[in-house]
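Below, read A as the first sequence line, B as the second, and so on, with proteins coming before strands; counting in each chain starts at 1.
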Number of protein chains: 2
Amino acid sequence: MAPNKVQVPRISDAVAASLERRILEGSLKPGDRLPPERELAIELGVSRPSLREAIQKLASKGMVQSRQGGGTYVTDRLESTFFDPWQDMMGAHPGLREDLLEFRRMLEGQAAEWAAERATDADLTRLTQAFDAMNAAFDANDLERRASTDIDFHQAIGEATHNVLIGHLSAALLRLMQDNIRLNLGELKSIPAAISLLKNQHAAIHTAIVERKPSAARAAAETHIDFVRESLAQSLRSAARRETAERRLNAD
Amino acid sequence: MAPNKVQVPRISDAVAASLERRILEGSLKPGDRLPPERELAIELGVSRPSLREAIQKLASKGMVQSRQGGGTYVTDRLESTFFDPWQDMMGAHPGLREDLLEFRRMLEGQAAEWAAERATDADLTRLTQAFDAMNAAFDANDLERRASTDIDFHQAIGEATHNVLIGHLSAALLRLMQDNIRLNLGELKSIPAAISLLKNQHAAIHTAIVERKPSAARAAAETHIDFVRESLAQSLRSAARRETAERRLNAD
DNA sequence: TTGGGTAAGTGGTCAAACCAATTTGCGATA
DNA sequence: TATCGCAAATTGGTTTGACCACTTACCCAA
């Protein structure tokens with residue numbers, strides 16, 4: 001007969017859902033390596049074949065990726081499905097950058113507000129860790145680490161909102177913008193004055209969230225984006241000037 | 001290191017591909033029952049665990065469906081393999097629905113506000129057309145048209161914001177939610193009272209935008225989402241009640 | 001310091017068994 | 001003869017334990 005009755009819960013489904021939840025909620029981040037199958041199986045209280053079936057499910061959804069002998073890693077289909085198409089579009093239509101910044105102003109303002117309202121102590125701990133790491137990267141002037149810790153910081157805020165969409169979107173959009181900036185502008189000049197301002201802005205966001213002041217957190221986040229928007233506009237103007245002076249390079 | 005080398009072929013992948021081919025080529029038609037795992041494993045020259053991993057892959061793609069003791073069947077609705085990763089995730093984690101609604105409340109509130117501020121006359125014309133079409137679909141109680149015109153209406157608002165991200169996201173998220181509701185709840189009951197309320201809410205949004213009252217537009221949009229959220233919660237409660245009465249099904 | 005090589009770690013596969021749900025079919029009963 | 005009920009066979013679900021293949025990391029020798 002046709003299979004239409006209610007399904008008995010399958011272990012592999014439950015395990016897949018459990019891992020999926022960890023990924024969605026951020027305790028397993030993109031790029032992270034999963035524990036070895038043998039350990040994970042014990043931790044989850046299932047046999048290794050069952051765990052493997054669950055992993056196959058996630059793999060077929062593109063959420064994880066395994067290499068024999070190497071380990072199993074979290075990919076991120078979630079963000080890429082939403083925003084891969086946007087990447088080339090951003091390159092083709094620079095006007096989108098302004099839209100993106102406007103959108104981020106709303107998104108991160110809301111994220112900061114909710115984070116200040118809802119963060120658990122564990123969230124705040126993680127947030128502070130990310131904040132410290134970011135400051136260290138800024139001080140060291142390590143551009144690569146600056147970018148990644150910046151993402152971590154925003155992601156920590158996103159996770160503290162306890163809204164999966166906010167968490168993934170804010171990090172994804174920041175990443176999208178960083179890539180786009182790098183692709184189209186090269187590295188932004190690191191003017192000491194700007195660095196100092198950025199650090200102050202991040203500190204204001206961090207403090208407001210930790211002290212649980214939602215409206216202050218929102219305001220600080222919006223100020224931050226406004227500053228980024230303005231700096232970016234200036235860089236673009238000078239880049240355009242330079243470009244015009246040097247050479248004619250048409251890209252659209 | 002990052003997983004970027006070429007993958008060694010996995011047996012379960014090959015087996016999954018083989019079965020998939022049989023299904024796509026028609027030698028396994030929708031509704032057909034697969035041979036027992038033990039036989040199929042021998043026939044394909046692999047062990048049962050490997051075969052099972054392959055079956056899990058197909059199951060997660062929605063191509064087959066297994067019932068303990070009953071057998072494994074080729075899904076008869078192959079067309080619905082249009083799924084996107086978020087869709088089944090919403091099914092697996094109902095909590096996401098609440099996150100999505102909360103996110104939409106922010107998004108559509110902002111969209112309505114911006115639309116009221118920025119809409120051109122052409123935008124307003126298109127918005128009014130979409131609004132009329134939606135009302136007609138609601139009056140005719142044509143569920144299919146109701147869903148599509150609803151999306152059109154929200155998309156028209158999104159376009160009126162002149163922010164590409166808002167426009168695409170609000171329509172995409174609405175579509176995602178509609179599909180999810182249809183998949184997991186069946187059609188929502190069309191209570192005349194609710195229909196009337198929905199029409200009023202849409203009218204309030206439309207009017208506020210046309211009359212260029214940003215804060216009123218935001219408020220109307222937020223009220224709308226709040227109503228949807230509440231209606232959905234009620235439907236879910238009654239669905240849960242029904243389910244509990246019928247059978248005990250634990251999925252966590 | 002560097003190079004190579006080995007050992008440990010980790011995913012991939014297999015085999016055999018038992019459990020749990022469903023299906024089938026036989027036999028007893030009306 | 002028809003039908004119902006129950007038990008056995010069927011079939012997917014899960015576990016254990018073992019071994020293979022590939023990768024990583026470490027250590028020792030040159």
Any ion pair linking B:R229 and B:E98 (charged N to carboxylate O, less than 4.0 Å)?
yes
CZ of B:R52 versus P of C:dA15: gap in Å, rounded?
16 Å
Nearest-angstrom distance from the residue atom CD of A:Q56 to P of C:dG11:
12 Å
Using a distance-only test with no angle check, is there a side-chain donor-acceptor pair under 3.5 angstrom linking B:H154 and B:E108?
yes
How many whole angstroms separate atom OH of B:Y73 from atom P of D:dT11?
10 Å
Distance-only side-chain donor-acceptor flag, B:S50 / B:S47, under 3.5 Å:
yes
Under 3.5 Å side-chain donor-acceptor pair for A:Q56 and B:E53:
yes
Taking atom types as modelled, is there a side-chain donor on A:H162 or A:D123 under 3.5 Å from an acceptor on the other?
yes
Interatomic distance where CG belongs to A:L51 and P belongs to D:dG17 [whole Å]:
17 Å
Separation of A:L34 atom CG from C:dG12 atom P, in whole Å?
12 Å
Rounded to whole Å, please give me the gap between CZ in A:R10 and P in D:dT14.
8 Å
If you restrict it to nitrogen or oxygen atoms, what contacts under 3.5 Å exist between nucleotides 6-10 of chain C and the protein, and what is each distance?
residue : atom : partner : partner atom : Å
C:dT10  : OP1  : A:R33   : NH2          : 3.4

Where the side chain of A:R48 is defined as all heavy atoms beyond and including C-beta, which of D:dT15, D:dA18, D:dG12 is the nearest nucleotide?
D:dA18
Has A:S12 got a side-chain N or O lying under 4.0 Å from the OP1 or OP2 atom of D:dG13?
no
A:I11 has an atom CD1; how far is it from atom P of C:dA21, in whole Å?
12 Å
Exam field: side chain A:D32 to backbone A:V74, donor-acceptor pair closer than 3.5 Å:
no
Roughly, in whole Å, what's the span from CD in A:E53 to P in D:dT15?
10 Å
